[in-house]
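In what follows, chains carry the letters A, B, and so on, assigned in the order in which the sequence lines appear, proteins first and then strands, with residues in each chain numbered from 1.
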2 protein chains.
Amino acid sequence: MTLYQDYPKFLLAVDCIIFGFNGEHLEVLLVKRGFEPEINKWSLMGGFVRENERPEQAADRVLQQLTGLNDVYMELCGAFGEPNRDYAGRVVSICYFALIDSKKTQEIVSEKYEAQWFPISEFPELIFDHNKMVSKARRSLRMKAALYPILFELLPEKFTIPQIIALYEGVYDTALDKRNFIRKLSTSGLLNKTSEKDKSGSKKGAFYYTLNTEVYKEKIMTFLQYLPSWNMD
Amino acid sequence: MTLYQDYPKFLLAVDCIIFGFNGEHLEVLLVKRGFEPEINKWSLMGGFVRENERPEQAADRVLQQLTGLNDVYMELCGAFGEPNRDYAGRVVSICYFALIDSKKTQEIVSEKYEAQWFPISEFPELIFDHNKMVSKARRSLRMKAALYPILFELLPEKFTIPQIIALYEGVYDTALDKRNFIRKLSTSGLLNKTSEKDKSGSKKGAFYYTLNTEVYKEKIMTFLQYLPSWNMD
DNA sequence: ACAAAAGTGTTTGAACTACACCCATGC
DNA sequence: GCATGGGTGTAGTTCAAACACTTTTGT
């Protein structure tokens, strides 16, 4: 079963950068490490790949363990293999970022793991190279979200326009012009307006929208034909 | 030296999707496999990660072995770990795409390896899941090149505008409007016009340009601030 | 002189920017 | 009735798309 006797073997980890949106802020889900080394320090959720698993499956499993969620949007965003990155062994880590509505996890998180959502702009120092992983994931997320409307993966079934704006502002760490952004959204065909209002954030209340999943899938699946837009500042 | 005794270990490979541009067409560099299994079939250039190497280093090394080139633009574009993807053992492969001027490799390629450039639109069936890897790499390349002018990595020091156009047309598999594209290029600040002409392609001859590396680096380094452009067809 | 590719300019419509006011409601 | 955030409209500008002809030079 192997012609490759002479080559070294590695422990293979997956680490998940779990981005969430709680209706107001972009956040990242971290766990307090329950084992040595670096026990009790903040870390990304991760785990080792099993013998009969693909790395993506391992990432799904690990995410499911922590959050209880399946079918989560997840994407490769890095491979970290510095020989001494983990003090306890030679481990290569494959990183994925995941996008979830953080509200969906509120009961489940913190049962087995000490997990906590942190604002993306202010989270603690992490073990090993996990801070680098988060940076890389943020860059990947910005890039992908610039071309595909994947940030809707972070929103609940029903969401308001002020929420989408807050979400994009969080991801790109910038202020947007509401009016222009709303126009862009409404001409995109991605939104279905409902008659319900969310009154929690204001007296007037903001209409709930749902995602037009046909349009969404189409835009997500589109294989880029051509659009260099690198004439920007 | 290890608290992680109970976890399985894996052979770790890197595979390089080597994109090249020969002045006319986009192409991909393939090798005829020199060892079992699947000896003598076409394959991506790859190799196993060594004990004291980062995966990126392994990719650099493998690319250097084949082409003699260092400091090549390279980017992660996949992790393939299907348990039976390699018939001869449990191997997880980390994929990188590389961008090089294929002219730089013409003497070196085919010394040790039977390597050959193939047009991207017409290359042979590859071993294992390597065809999938190429598809993934093409998608990654399109995505990155839509936001950053990385395709200049494929061009020689001096290049002509018709070459850039052919390059973009090859990457996006589409026809471009010359005039509009030239305008975009000239307003980008990326080009320095020289007084030399390339007369090989036509009687009139096309002016050579060089890359304005300051502008280029700036555009490459820019951390996306904000530009959802997903209102496209 | 003619073939073959390089290179140039204008017009039109669409999209983005910038900007200010009214709306609905709870208190 | 007023404070609070939600939502709408318009004018100016920039940018992308569509489009055809002139230039250079080798043969």
Nearest-Å distance, [atom1] ([X]) to [atom2] ([N])?
X: B:Ile182; N: D:dC19; atom1: CD1; atom2: P; value: 18 Å
X: B:Arg183; N: D:dA16; atom1: CZ; atom2: C1'; value: 8 Å
X: B:Phe181; N: C:dA6; atom1: CZ; atom2: C1'; value: 16 Å
X: A:Leu185; N: D:dG6; atom1: CG; atom2: P; value: 14 Å
X: A:Lys193; N: D:dT8; atom1: NZ; atom2: C1'; value: 10 Å
X: A:Lys178; N: D:dG9; atom1: NZ; atom2: P; value: 14 Å
X: A:Gln163; N: D:dG6; atom1: CD; atom2: C1'; value: 13 Å
X: A:Glu24; N: D:dG5; atom1: CD; atom2: P; value: 12 Å

A:Phe159 and A:Tyr209 aromatic ring geometry - parallel, tilted or perpendicular at 30°/60° bounds: parallel
Closest to the [X] side chain: [options]?
X: A:Pro162; options: C:dA6, D:dG9, D:dG6; answer: D:dG6
X: A:Lys184; options: C:dA18, C:dC16, C:dA24; answer: C:dC16
X: B:Asp177; options: D:dT8, C:dA5, D:dA18; answer: D:dA18

Expected output: side-chain B:Thr222 to main-chain B:Glu218 donor-acceptor under 3.5 Å: yes
Polar side-chain atom of B:Glu153 near backbone of B:Ile150 as donor-acceptor pair, under 3.5 Å: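 Side chain of B:Glu153 to backbone of B:Ile150: no pair is present.
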Stacked cation flag B:Lys144 on B:Tyr148, 6.0 angstrom / 45 deg: yes
Sugar-phosphate only, base, or nothing, as touched by B:Lys199 at under 4.0 Å among non-hydrogen atoms: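 Answer is sugar-phosphate: B:Lys199 comes under 4.0 Å of backbone atoms only.
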Short side-chain N/O contact to C:dC27 OP1/OP2 from A:Lys203, under 4.0 Å: no
5' precedence on DNA chain C between B:Thr160 and A:Lys204 (nearest-nucleotide basis):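 Mapping each residue to its closest nucleotide by heavy atoms, the 5'-most match is B:Thr160.
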A:Ser202 or A:Arg179, whichever maps to the more 5' nucleotide of DNA chain C: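 Result of the comparison: A:Arg179.
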Residues B:Asp177, B:Arg179: salt bridge by 4.0 Å N-O rule: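 Result for this pair is yes, salt bridge flagged.
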